[in-house]
Amino acid sequence: MISHINLNSKFDPEMTINSGQVFLWQRSGNSWYGIYGDHILKISIYDEKLKNYVKSSTIDMIDFYSFPTFDGWEKFVFRLDDDMDQIFADLSKDVLMSKLIKKYFGLRVMRQDPFQCMISFACSSNTNIPMIRNMLTSLARKFGNKLILDGKIFYTFPKVKRLYEASINEICSCHVGYRAKTIKSITEEIIKESFDLDDLRFSSYGKAKEQLMKIYGIGNKIADCVLLFSLEKLDAFPIDVWILRALFSHYYNIIETKLSYVNNTWKKLTTNRYLLISDAIRNYFGKYSGYAQQYLYYYIRNNEKRKW
DNA sequence: CGCCAGGCAACGG
DNA sequence: CCGTTGCCTGGC
């Protein structure tokens with residue numbers, strides 16, 4: 001079940017995995033292991049010049065493996081079916097984007113399992129990336145299935161039903177704190193309201209977002225992350241505090257005209273301001289706004305020299 | 001010890 | 001509609 005792929009492509013798995021959009025991936029030697037629902041995904045990079053492959057922008061050979069079998073997962077998960085030439089052409093109309101596309105050549109948006117994505121970003125509120133990782137790892141260890149690959153122990157991501165049946169206290173024991181209530185409400189909404197997360201792939205951005213935001217604990221930002229990273233809404237543009245600061249310094253003119261007040265109060269995000277800013281920036285970047293967000297995010301996080 | 005971190009809902013004006 | 005407040009938790 002190993003598929004080989006020769007790429008002279010705009011794709012850098014390591015940079016992509018490290019761009020803050022996925023949380024359950026870990027490196028071991030020349031391999032990366034990731035959890036996607038109940039699958040373990042594995043990438044092995046057999047390029048002697050592992051450290052230089054970004055510069056050469058050519059990956060001699062990568063092996064993609066999955067357990068259980070998930071044929072062609074690499075195309076799906078890393079969005080290798082996206083027309084990057086068109087996306088780049090589209091975004092390059094913006095001066096900063098045109099720079100970032102070259103600077104971070106190979107950075108991609110990834111597709112995630114919808115339920116895992118939703119729980120992941122529900123855990124992201126008011127915390128940091130190491131903690132999010134800690135919460136998700138604990139949840140998987142407690143509620144997922146144990147699998148062994150290459151002599152390493154992995155835990156798959158819990159099923160909706162399994163978390164639905166868990167008590168708040170059990171969920172809380174995974175260091176999630178007050179987010180346990182949100183996690184619980186997500187599973188309840190999916191089970192009781194019998195709406196299928198996966199079906200939202202086929203809804204419009206607006207309809208899908210409306211559905212997501214009915215759930216207790218899911219606001220604008222988390223909904224936009226789920227839409228972009230797991231529900232095929234490349235026009236979603238999640239705005240967190242980092243992106244907000246970036247918009248203020250690099251896209252002030254785009255935002256400003258849409259706001260009726262001129263002072264800087266918009267730096268604090270209320271629901272209404274989120275919508276105004278979101279509308280303005282999505283209108284500006286267009287149908288690939290999500291890619292613009294990812295490039296911008298990677299740029300500012302690196303400039304801040306943050307530890308991921 | 002106090003403060004902070006990739007939001008959100010609840011509440012008063 | 002706006003602003004404020006509290007929230008679990010681990011790291012500093």
Protein-nucleotides 9-13 of chain B N/O pairs closer than 3.5 Å?
{"unit_1": "B:dA9", "atom_1": "OP1", "unit_2": "A:Gly217", "atom_2": "N", "d": "3.3"}

Nucleotide [N], atom [atom2] - distance to [atom1] of [X] in whole Å:
X        : N     : atom1 : atom2 : answer
A:Lys184 : C:dC7 : NZ    : P     : 23 Å
A:Ile132 : B:dG7 : CD1   : C1'   : 11 Å
A:Leu244 : B:dG7 : CG    : P     : 11 Å
A:Tyr274 : B:dG6 : OH    : P     : 15 Å
A:Ile222 : B:dG7 : CD1   : C1'   : 6 Å
A:Asp240 : B:dC8 : CG    : P     : 10 Å
A:Asn272 : B:dC8 : CG    : P     : 15 Å
A:Leu269 : B:dG7 : CG    : C1'   : 10 Å

Proximity to the side chain of A:Thr270 - top-ranked nucleotide from C:dG3, C:dC1, B:dC8: C:dG3
Dot-bracket encoding per residue of DNA chain C, Watson-Crick/G-U cut-off under 3.5 Å, | denoting interstrand: |||||||.||||
Please measure how far the [atom1] atom in [N] lies from the corresponding atom in [M], and state the result in whole Å.
N      : M     : atom1 : value
B:dC4  : C:dT4 : P     : 15 Å
C:dG10 : B:dC8 : P     : 22 Å
C:dG6  : B:dG2 : P     : 14 Å
B:dA10 : C:dC8 : P     : 13 Å

Between A:Asp82 and A:Tyr291, a side-chain donor and acceptor under 3.5 Å: yes
Can you tabulate the close N/O pairs, meaning under 3.5 Å, that link protein atoms to atoms of nucleotides 8-12 of chain C?
{"unit_1": "C:dC8", "atom_1": "O4'", "unit_2": "A:Tyr178", "atom_2": "N", "d": "3.2"}
{"unit_1": "C:dC8", "atom_1": "O2", "unit_2": "A:Arg179", "atom_2": "NH1", "d": "2.6"}
{"unit_1": "C:dC8", "atom_1": "N3", "unit_2": "A:Arg179", "atom_2": "NH2", "d": "3.2"}
{"unit_1": "C:dC8", "atom_1": "N4", "unit_2": "A:Asn126", "atom_2": "ND2", "d": "3.2"}

Crowding at CD, A:Glu210 (>12 non-hydrogen neighbours, <6.0 Å): no
Cationic N near anionic O, under 4.0 Å, A:Arg201 to A:Asp198: yes
NZ/NE/NH1/NH2 to OD/OE distance under 4.0 Å, A:Glu232 and A:Arg79: yes
Listed partners of A:Ser125 passing side chain to side chain contact (heavy atoms under 4.5 Å, CB included), at least two apart: A:Tyr178, A:Arg179
Listed partners of A:Arg141 passing side chain to side chain contact (heavy atoms under 4.5 Å, CB included), at least two apart: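 Once residues adjacent in sequence are excluded, the partners of A:Arg141 under the side chain to side chain contact (heavy atoms under 4.5 Å, CB included) criterion are A:Thr137, A:Tyr155.
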So, [X] versus [Y], ring centres under 6.0 angstrom or not?
X        : Y        : result
A:Phe121 : A:Phe23  : yes
A:Tyr295 : A:Phe285 : no
A:Phe67  : A:Phe154 : no

Identified side chain to side chain donor-acceptor pair (under 3.5 Å) partner of A:Tyr284 from the options A:Asn253, A:Asp279, A:Asp94: A:Asp94
Minimum side-chain heavy-atom gap A:Ile17-A:Ile43 below 4.5 Å: yes
Ring pair (Phe, Tyr, Trp, His ring centres under 6.0 Å) partners for A:Tyr104, two or more places apart: A:Tyr298
